[in-house]
There are 2 protein chains.
Amino acid sequence: MPRINRTRFAILGMLMSGPRSGYDLKKDFEEQISNFWSESLGQIYPALGRLKEEKFVSVKIKREKGRPERKVYRITKKGEKAFRDWLDLPAEPIRWRNELLLKVFFGSAMEPTDVLRHIEQLQAAELKTQSLYQHYENEIETRDASPERRLYWRLALSSGRHINEARLTWCSEAINEIKKFANKPKSRKKKSDD
Amino acid sequence: MPRINRTRFAILGMLMSGPRSGYDLKKDFEEQISNFWSESLGQIYPALGRLKEEKFVSVKIKREKGRPERKVYRITKKGEKAFRDWLDLPAEPIRWRNELLLKVFFGSAMEPTDVLRHIEQLQAAELKTQSLYQHYENEIETRDASPERRLYWRLALSSGRHINEARLTWCSEAINEIKKFANKPKSRKKKSDD
DNA sequence: ACGGCCATGTAATCAGTTACATGATTCA
DNA sequence: TGAATCATGTAACTGATTACATGGCCGT
C-alpha cells in the first residue's frame with residue numbers, strides 16, 4: 001500500500017492553531033517540534049500548493065509595509081476533516097537509521113580508542129541537547145496556548161528528554177565497557193607500545 | 001555538501017566478516033541490526049553493482065545443487081580502505097521523524113481517549129520489542145564471533161534496550177498525565193454523558 | 001556596500017520502498 | 001498443484017534535502 005504523506009498533515013496540524021505562511025510554518029516546525037519532526041521549505045511550498053488545489057487550505061495575500069508579500073494559508077472545513085481522519089489512523093512505527101550505532105556495530109574494524117571517540121562525540125551532542133530541554137520547557141509556559149495544548153506540547157517534549165537521558169546513560173556504559181575491554185592485556189592487538 | 005551513501009558502507013561492513021550474496025546481506029541486516037538499520041533488496045542489488053564497478057568488491061558465482069545460482073561478493077583491499085575511511089568520519093546525527101509524537105503534539109484536536117489509544121498502541125509495541133531483547137542478547141552469545149565483535153554487537157543492542165525502556169517509561173507517564181487531565185471536570189469539553 | 005533576515009518558489013539529486021518480472025526447489 | 005523459500009534484478013514512485021533563482025528591507 002502507498003505510504004501516506006505526513007508532510008501534508010504536519011502542515012494541516014499547524015494550521016489548526018491559526019493561519020500561517022510557508023515561511024511561518026518552517027519556523028514553527030523548528031521552534032516547536034524540531035525535537036521529533038522536520039520539514040524543509042523545499043517540501044513545504046509544493047505541499048501548500050497541493051493542499052490549495054485540493055481545497056484543504058485557502059490563501060490570502062498579506063501586504064505589510066516594510067515587509068515582502070506573504071501568502072497566508074488557512075485550513076478549511078474540508079482540511080480539518082482530512083486532518084482528523086489522519087489523526088484517527090494508528091501511527092506508523094519509525095524506521096531507525098542510526099549511523100553511529102552502525103559504526104559501533106562495526107567497531108572491531110577500528111581501534112577501541114576510535115570507537116570511544118565516536119561515542120564521546122555523541123555524548124557531547126546529547127549533553128548539549130539536554131541543556132536545551134530546560135529552556136524549551138520554560139518556553140512552553142510562556143506561550144499563549146490552552147492548558148490542553150500545553151499538556152501535549154509538554155508530553156512531546158518529555159519524550160525527547162527521556163530518550164536523551166537514555167542515550168546519555170548508554171554512552172557512559174558503553175565508554176566503560178570499551179575501556180574495560182581495551183585494558184584487558186589479552187585482548188589487545190599489536191601496537192604494544194604503551 | 002552531498003550526503004554520503006550509507007548503504008554502501010553498511011554492505012562493506014557486513015562483507016568485512018566474510019563473503020555474502022545480496023540475499024544473505026538482506027537477512028543479516030534483518031537478523032543482526034534491524035534494531036537500528038534497514039536496507040531493502042531494491043537498494044542492496046544496485047549498490048552491489050556499483051561497488052563491483054568501483055572494484056570495492058569482487059564476485060564469484062556459486063552453484064550448489066538444489067539451490068538457485070548465487071552471486072557471492074567479497075570485499076577487496078580497496079573496499080576495506082574505503083570502509084575504514086568512512087568509519088573514521090564522524091557519524092551524522094539522525095533525523096527524527098516520529099509520527100506518534102506528531103499526533104500527540106496535535107492531541108488537542110482529539111478527545112483525550114483517542115490520544116490514550118495511540119499511546120497504548122505504542123506501549124504494546126514497545127512491550128513486544130522489550131521481550132525480544134532478551135532473546136537477541138542470548139543469541140549473540142551463540143554466534144561464532146570474537147569477544148570484540150560480541151562486545152560491539154552487545155553495545156549496539158543495549159542502546160536499543162535503553163531507548164525501549166525510555167519509551168515505556170514515557171508511555172506510563174503520559175498515560176497518567178492525560179488521565180489526570182481528562183478527569184479534571186473543568187477541562188472536559190461537551191459530551192458530559194458519563 | 002554587505003550580510004542577514006524576510007519571503008517564495010523551482011530544479012536537481014539522492015534515498016528508499018514497493019511492485020513487477022523471472023525462475024528453481026522443496027514441502028505439504 | 002500451490003505456497004514458501006531461495007535468488008536476482010529492474011522500474012515506478014514517493015520522499016526529502018540541497019542548490020539555485022529572485023528580490024526587498026534593515027542595520028552597521
Within the structure shown, what part of the strands sits under 4.0 Å from [X] by heavy-atom distance: base, sugar-phosphate, or nothing?
{"X": "B:Tyr73", "value": "sugar-phosphate"}
{"X": "A:Gly42", "value": "base"}
{"X": "B:Arg8", "value": "nothing"}

So for atom [atom1], which belongs to [X], do other residues, nucleotides or ligands contribute more than 12 heavy atoms lying within a distance under 6.0 Å?
{"X": "A:Arg143", "atom1": "CZ", "value": "yes"}
{"X": "A:Lys52", "atom1": "NZ", "value": "no"}
{"X": "B:Arg74", "atom1": "CZ", "value": "no"}

Original post:
Between B:Thr169, B:Thr129, B:Asn35, which is the residue that forms a side chain to side chain contact (heavy atoms under 4.5 Å, CB included) with B:Asn164?
Top reply: B:Thr129
For atom [atom1] of [X] and atom [atom2] of [N], their distance in whole Å:
{"X": "B:Glu92", "N": "D:dT17", "atom1": "CD", "atom2": "C1'", "value": "11 Å"}
{"X": "B:Arg6", "N": "C:dG16", "atom1": "CZ", "atom2": "C1'", "value": "12 Å"}
{"X": "A:Leu48", "N": "C:dT8", "atom1": "CG", "atom2": "P", "value": "9 Å"}
{"X": "B:Glu30", "N": "D:dA7", "atom1": "CD", "atom2": "C1'", "value": "15 Å"}
{"X": "B:Ile44", "N": "C:dA15", "atom1": "CD1", "atom2": "C1'", "value": "14 Å"}
{"X": "A:Lys27", "N": "C:dA7", "atom1": "NZ", "atom2": "P", "value": "6 Å"}
{"X": "A:Leu51", "N": "C:dG9", "atom1": "CG", "atom2": "P", "value": "13 Å"}
{"X": "B:Lys52", "N": "D:dG9", "atom1": "NZ", "atom2": "P", "value": "11 Å"}

Original post:
Which listed nucleotide (D:dT10, D:dT8, D:dA7) is nearest to the side chain of B:Asp24?
Top reply: D:dA7
**OP:** With the side chain of B:Tyr45 defined as its heavy atoms from C-beta on, choose the nearest nucleotide among D:dC6, D:dG9, C:dT10.
**Re:** D:dG9
Are any of [X]'s side-chain N or O atoms less than 4.0 Å away from OP1 or OP2 of [N]?
{"X": "A:Gln43", "N": "D:dT17", "value": "yes"}
{"X": "B:Ser38", "N": "C:dG16", "value": "no"}
{"X": "A:Asn5", "N": "D:dT14", "value": "no"}
{"X": "B:Thr7", "N": "C:dG16", "value": "yes"}
{"X": "A:Arg97", "N": "C:dG16", "value": "yes"}
{"X": "A:Tyr23", "N": "C:dT8", "value": "no"}
{"X": "B:Lys71", "N": "D:dG9", "value": "yes"}

**OP:** For side chain to side chain contact (heavy atoms under 4.5 Å, CB included), just list the numbers for A:Trp37 and B:Phe105, CA-CA rounded to whole Å, side-chain angles, deciding distance to a tenth of an Å, and then say yes or no.
**Re:** CA-CA 11 Å; A:Trp37 204 261; B:Phe105 180 74; over 6 Å; no
**OP:** Before giving the answer on side chain to side chain contact (heavy atoms under 4.5 Å, CB included), spell out for B:Glu30 and B:Lys27 the whole-Å C-alpha distance, their side-chain angles and the decisive distance to 0.1 Å.
**Re:** CA-CA 5 Å; B:Glu30 264 168 24; B:Lys27 274 199 299 181; 5.7 Å; no
Original post:
Quick one: on DNA chain D, does A:Arg50 or B:Glu69 contact a more 5' nucleotide (nearest heavy atom)?
Top reply: B:Glu69
Original post:
If you pin A:Glu39 and A:Pro68 to their nearest nucleotides in DNA chain D, which one's is more 5'?
Top reply: A:Glu39
Original post:
Mapping A:Arg70 and A:Pro46 onto DNA chain C by nearest heavy atom, which one lands closer to the 5' end?
Top reply: A:Arg70
